[in-house]
Amino acid sequence: MIETAASNRPDAGKAAAPSPFHEGEKRIQTRLRVRDEIEAWARQVIRDALPDQHREFYAQLRFLVVAARDDQGQPWVTLLAGEPGFASSPNPADLAVAALPAIGDPLYDAIHRGDDIGVLGIEPHTRRRNRANGRVSDRADDHFRLHVEQSFGNCPKHITERVARPVAASPRASQVRRSKGLSDTAQRWIAGADTFFLGTGFRGRGESVTYGMDASHRGGPPGFVRVLDEGTLVFDDYAGNNHYNTLGNLELDARTSLLFVDFERGALLHLCGSARVLWDADQRTIRFALDEVVERPHALALRWSSPQANRRKLRVATIRQESKDVRSFTLVPADGQPLSPFVAGQYLPVGLAFAAREHPVERTYSLSNSPHDPHYRISVKRESQGLMSRQLHDEVRVGDIFAAGPPTGTFVLDPRSPRPAALVSAGVGVTPMVAMLHALAETETPVIFVHGARDGQHHSLRDEIRNVASANPNAKLHVAYSRPGIDDVVGRDYHSAGRVTASLLKKLLPALDADFYFCGPATFLADLQRGLREAGVPASQIHTESF
């Protein structure tokens with residue numbers, strides 16, 4: 001899922017804007033057959049400034065991941081840390097960072113005015129992450145300022161939950177060990193890692209906001225990075241937001257840096273070298289050839305909790321077939337204690353054990369039930385290539401146990417808004433909207449619920465939605481089937497034939513005076529955002545989540 005808010009700038013993201021991708025990224029997107037879909041979506045969500053949501057997010061962080069080049073042009077990636085507020089945004093175009101790489105860091109004294117910088121803000125305990133790329137506009141002895149050229153959010157997949165806490169700085173913080181190969185200790189460290197950070201970049205001729213550095217996150221079960229020898233690593237490239245920034249950079253510039261963090265000791269392991277993509281029909285693998293190792297055993301004055309610290313065991317109480325390809329799973333606490341509350345629109349991080357895998361597989365699913373229920377419910381579409389969704393549909397039974405983190409996410413209703421709420425979804429994107437519909441039934445807020453499905457067989461949670469909407473005098477319901485079945489009757493099963501579009505929303509809400517909450521595929525979201533913004537709907541009234 002990708003949580004987004006439109007840019008503060010009224011002209012940002014219009015279709016006439018140049019592509020947010022450089023040639024390498026376009027090649028990868030074309031090869032993987034997502035080029036047209038991701039271009040339309042990215043024009044809406046890759047912004048040239050920080051939206052308010054991101055500005056607030058960076059200000060609450062204790063650390064940032066930063067990618068830059070040293071004086072020889074080699075990319076490195078590092079962590080910069082401080083008290084919340086050490087990163088701040090004085091205006092939407094700038095990110096000010098009151099920290100610089102310390103002595104011993106491979107980027108020490110390497111950040112200068114005009115340099116390309118990639119920043120990743122990540123909050124592991126909420127699984128939120130946002131990226132900002134640009135150039136250094138100001139640099140002093142204790143801070144630098146990044147002028148933002150691209151800003152966008154990332155999905156929470158593969159982020160291991162941890163909570164950071166400050167500790168006293170070590171008097172040996174500047175201690176460093178350099179080598180040309182991986183020691184036995186470093187190899188064990190990497191082999192047991194569930195997280196690392198990656199720094200890549202490309203700068204072509206001329207000027208383009210698509211050029212620059214990029215800092216990204218990679219996560220998976222321990223062992224997802226494989227050590228072939230003291231100078232070679234390989235790791236699988238998991239599906240993400242389909243931007244393919246890293247793979248696109250590697251297409252044009254193989255120089256790469258990896259960063260591994262010892263979350264219990266505060267140690268950092270920096271690696272630099274080159275990487276290439278090994279293409280396979282089923283899985284892309286990246287092979288990294290090492291040039292240099294920089295190990296900093298006492299670098300950080302931060303420690304993180306164990307990944308399992310916030311996990312609870314939940315038991316599957318009921319399973320219900322909601323449509324041809326969607327099942328709902330009601331989850332109750334295995335220990336009998338009350339569940340953590342959630343806000344409508346949030347999602348649940350879920351871990352499921354597999355017999356053939358040493359470690360559980362984790363995914364996030366929107367909660368589809370009322371926040372007032374004493375249980376959680378997730379409604380999952382079976383995807384032919386989805387490891388977790390196939391397991392849920394084919395193998396999970398009542399009584400099975402899940403490991404789950406607390407509900408999280410910021411795709412939620414704005415309780416301060418005086419405007420009506422328009423809940424608009426397509427396909428399985430209906431799941432957070434059902435929770436929102438339940439929540440709004442407890443208020444006097446007018447709500448219109450608009451949903452698009454293929455046909456009646458693929459219309460998930462249909463009866464529940466009808467019942468909740470009919471019981472709420474402030475609610476209106478409109479269902480569109482793109483390909484109605486022979487048994488589907490207009491007026492009984494659905495209200496209009498075709499897809500949910502901005503034109504349809506204009507017919508249902510002529511004044512377009514509402515807060516719009518969209519959830520569905522990327523092209524669906526891009527088309528709706530573009531149509532509403534061309535119609536004059538302010539960016540602050542459009543909230544989206546992609547799956």
Side-chain angles (χ1 to χ4, degrees), residues 65 67 75-79 106 120 122 124 157-162 164 175-200 215-240 246-247 250 256-278 280 282-300 302-309 311 351-363 387 403:
V65 183
W76 291 94
V77 61
T78 193
L79 289 191
L120 171 66
I122 185 168
K157 287 175 65 175
H158 310 302
I159 297 178
T160 300
E161 291 179 52
R162 293 181 169 91
Q175 186 180 59
V176 63
R177 296 194 288 263
R178 296 177 180 268
S179 62
K180 296 296 183 181
L182 293 168
S183 65
D184 290 343
T185 299
Q187 291 186 40
R188 289 193 296 271
W189 181 349
I190 293 169
D194 59 22
T195 300
F196 73 93
F197 301 100
L198 187 66
T200 59
S216 66
H217 162 276
R218 291 292 188 275
F224 85 108
V225 184
R226 302 179 293 283
V227 182
L228 300 188
D229 54 49
E230 67 176 12
T232 312
L233 308 177
V234 294
F235 55 91
D236 293 334
D237 184 64
Y238 296 143
T246 296
L247 269 61
L250 296 180
T256 309
S257 177
L258 311 183
L259 175 68
F260 292 86
V261 181
D262 186 324
F263 294 101
E264 295 180 359
R265 297 189 303 122
L268 296 179
L269 181 68
H270 306 261
L271 312 179
C272 81
S274 59
R276 63 189 180 95
V277 183
L278 307 178
D280 184 88
D282 298 321
Q283 180 65 59
R284 298 176 302 276
T285 301
I286 297 177
R287 185 183 183 95
F288 176 79
L290 179 67
D291 288 335
E292 186 177 1
V293 179
V294 176
E295 185 175 354
R296 302 167 62 206
H298 310 285
L300 290 177
L302 286 177
R303 301 293 185 270
W304 285 262
S305 64
S306 163
Q308 301 304 317
R311 284 291 188 265
L352 190 61
F354 284 69
R357 292 175 175 260
E358 182 181 356
H359 300 278
V361 173
E362 294 201 354
R363 296 291 186 268
L387 177 64

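All residue numbers refer to positions in the sequence shown, counting from 1.
- The line from CG of D291 to OG of S257 is 10.5 Å long, rounded to the nearest 0.5 Å.
- The side-chain heavy atoms of I286 and D236, taken from C-beta on, include no pair separated by under 4.5 Å.
- Within 6.0 Å of atom CZ in R226, more than 12 heavy atoms from other residues, nucleotides or ligands are found, so the atom counts as buried in its surroundings.
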Decide yes or no on side chain to side chain contact (heavy atoms under 4.5 Å, CB included) for E230 and Q187, but give the supporting numbers first.
CA-CA 7 Å; E230 67 176 12; Q187 291 186 40; 3.8 Å; yes

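- Between E292 and R178 the shortest side-chain heavy-atom distance falls below 4.5 Å.
- Residues L271 and L233 are in side-chain contact: their nearest non-hydrogen atoms beyond the backbone lie under 4.5 Å apart.
- Side-chain contact check for L268 versus V261: some heavy-atom pair is nearer than 4.5 Å.
- You'll find the side chain of W76 stays beyond 4.5 Å of the side chain of L259, heavy atoms only.
- The line from OG1 of T200 to CG of L258 is 10.5 Å long, rounded to the nearest 0.5 Å.
- Of all non-hydrogen atoms in R296 and P106, the two that sit nearest each other are CD-CD, 4.5 Å.
- The salt bridge (Lys or Arg N to Asp or Glu O under 4.0 Å) check on R177 picks up E295, with sequence neighbours excluded.
- Residues meeting the salt bridge (Lys or Arg N to Asp or Glu O under 4.0 Å) test with R303, sequence neighbours left out: none.
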Determine whether T232 and R287 satisfy the following criterion, side chain to side chain contact (heavy atoms under 4.5 Å, CB included), listing intermediate values before the conclusion.
CA-CA 7 Å; T232 312; R287 185 183 183 95; 3.8 Å; yes

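- In this structure, A191 and V227 approach most closely via the heavy-atom pair N-CG2, 4.5 Å.
- For the atom pair CG of D280 and OG1 of T285, the computed distance is 6.5 Å after rounding to the nearest 0.5 Å.
- Shown here for P297 and A267, the closest heavy-atom pair between the two residues is O-CB, 3.4 Å.
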Show your working on side chain to side chain contact (heavy atoms under 4.5 Å, CB included) between L79 and V65 and close with a plain yes or no.
CA-CA 5 Å; L79 289 191; V65 183; 3.4 Å; yes

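- Contact of the T195 side chain with the F263 side chain is registered, since non-hydrogen atoms from C-beta on lie closer than 4.5 Å.
- Listed here is the closest heavy atom pair of D262 and W189: N-CZ2, 3.4 Å.
- In this structure, the ring of F288 has its center no less than 6.0 angstrom from the ring center of F235.
- The backbone N or O of G266 lies less than 3.5 Å from no partner atom in the side chain of H298, so there is not a single donor-acceptor pair.
- Contact detail for V293 and G181: the closest heavy-atom pair is CG2-O, 3.7 Å.
- In this structure, S274 and T256 have side chains that are not in contact, with every pair of non-hydrogen atoms separated by 4.5 Å or more.
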Please walk me through it: do F260 and F197 pass ring-ring contact (aromatic ring centres under 6.0 Å, His included)?
CA-CA 7 Å; F260 292 86; F197 301 100; 9.3 Å; no

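- Residues H217 and I122 have side chains in contact (heavy-atom distance under 4.5 Å, counting atoms from C-beta outward).
- For D194 and R218, the salt-bridge test fails: no basic side-chain N is under 4.0 Å from an acidic carboxylate O.
- The shortest heavy-atom contact between A67 and G199 is CB-CA, 4.0 Å.
- Note that the OG1 atom of T185 and the CD1 atom of I190 stand 11.0 Å from one another [nearest 0.5 Å].
- How far CZ of F196 is from OG of S216: 7.5 Å, rounded to the nearest 0.5 Å.
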